[in-house]
Amino acid sequence: MTVPHCALCKSRDRDVVQTQSLALLNREEVCKIDFSVCRACGHLQQWPPVSPALMAYHYKTFATYEEFGDAERLRTAPPARHAQRFLTLLADIGLPLGRAYEVGCASGAMLHQFRKQGWQVRGCDPSPSAVSQAASVFGIDVDLGDEENAIPRQKNLDLILACHVLEHLYDPPATLARFHAALAPHGHLVLEVPCATAPESLPPGWFTFEHLHYYQPAVLERLLRDAGFEPIETRIEMTAEHYPVMAIAARKMPRRTEDVTGLEPSAGTILARRYAARDHTLWTATARRVAHFQEPVFLYGAGIHTAQLLDRTGLAPHILAIADRDPKKWGQTQAGKPVISPAELFADPRQVPVIISSYVSERQIVEALLAGGVARQRIVPLYSDMPDRAKSVRASAG
Ligand SMILES: [Zn+2]
């Protein structure tokens, strides 16, 4: 299903702002992706998006969404920061308790917090391991599957939650129509997505394989209105995560409201071009930084960041192996290089540099390498001296 038109407004008129060639796990050939702005509505998106089959393959081989830690610690942990943002937003708009359903709820950690507040909770997630973890750790019923299958079986919900879901979906208007149908009259939708704003604050590699959509506030509010929702509160947090995020609470309206506010498509083009220029500058600095490695090195981190690093630098021929903490990646290859466990890296007698291929988890990886006995002078972080990077730490993200 390669969509030749804008996922939001169906225009076929696009401006390509960046192209990436990414080496995925166990694939010899690279995957070429365009990131584009719609000239009609200004929405930033992968266009055309990668095929759903390739995306499904990626989630199976590459992505890590399970919780790590023992059950009792997970049950007694305070709300994660995104869950706290949702709870605070709901408390501030004064929503009465009722039936909440979370789309893409992973192992149910946020639903667990909602239930503690008195909500009746249920959710869906496509990952079998997450669904079984929700049952065994939290005792929460989670439907196995994506919203396309799960939401049409729901009705009269008081609240739908979607945290970092909408940027992954192929057809957001169709998804919002299903949400609308599953909600009770005057039911609410609360969602959070990465926010396309302030291009000078966005990290390298922000245009990424897993994200099909990059929502500007005006575009998302318009999308909600077109789907029959009235946005009642929009909150943008600039430094809560590694990039700006936007949460919106919206109320179901009896019918759609057409074309309430006009969009200025050039705003999307200006933002995307500014960011693409910044991204180019950041990767050029990284390429310069790694250019002096003309002998073998290890990488730490198999994933999309590594695919981007290999696309933007000349490092590939010098890589011996890529270490990663996720057991499901061990024994696979990326760009023809073996993916090994941290233990194999620590035991390797070759005292060569270890380049950390991660923006989000860089500091945790430095700690893990030191703890594993890797000498500090062998460790090469790429971003530690970047002046304007967000200070937050989020272990689960890639
Ligand atoms: Zn469009």
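Start at 1 and go down the list; that is how both ligands and their atoms are numbered. Only heavy atoms go into these numbers, but all of them, side chains included; no hydrogens, no water, no symmetry mates.
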**Message:** By the definition ring pair (Phe, Tyr, Trp, His ring centres under 6.0 Å), identify the one residue from Y275, W206, W47 that meets it with Y214.
**Reply:** W206
**Prompt:** Relative to F138, does R115 satisfy both conditions: NZ or CZ under 6.0 angstrom from the six-membered ring centre, and within 45 degrees of the ring's axis?
**Reply:** no
**Item:** side-chain contact (heavy atoms from CB on, under 4.5 Å) involving S136 - partner list, sequence neighbours excluded
**Value:** none
**Message:** Among residues at least two apart in sequence or on other chains, which ones pass salt bridge (Lys or Arg N to Asp or Glu O under 4.0 Å) with D143?
**Reply:** R122
**Asked** Is it true that D171 and R178 make a salt bridge, defined as a side-chain N closer than 4.0 Å to a carboxylate O?
**Response** no
**Request:** Quick one: which residue pairs count as a ring-ring contact (aromatic ring centres under 6.0 Å, His included) with a foot in residues 309-330, not counting sequence neighbours?
**Result:** none
**Item:** Protein N, O or S atoms lying under 2.8 Å from the Zn ion (ligand 1), listed by chain and number
**Value:** C6 SG, C9 SG, C38 SG, C41 SG
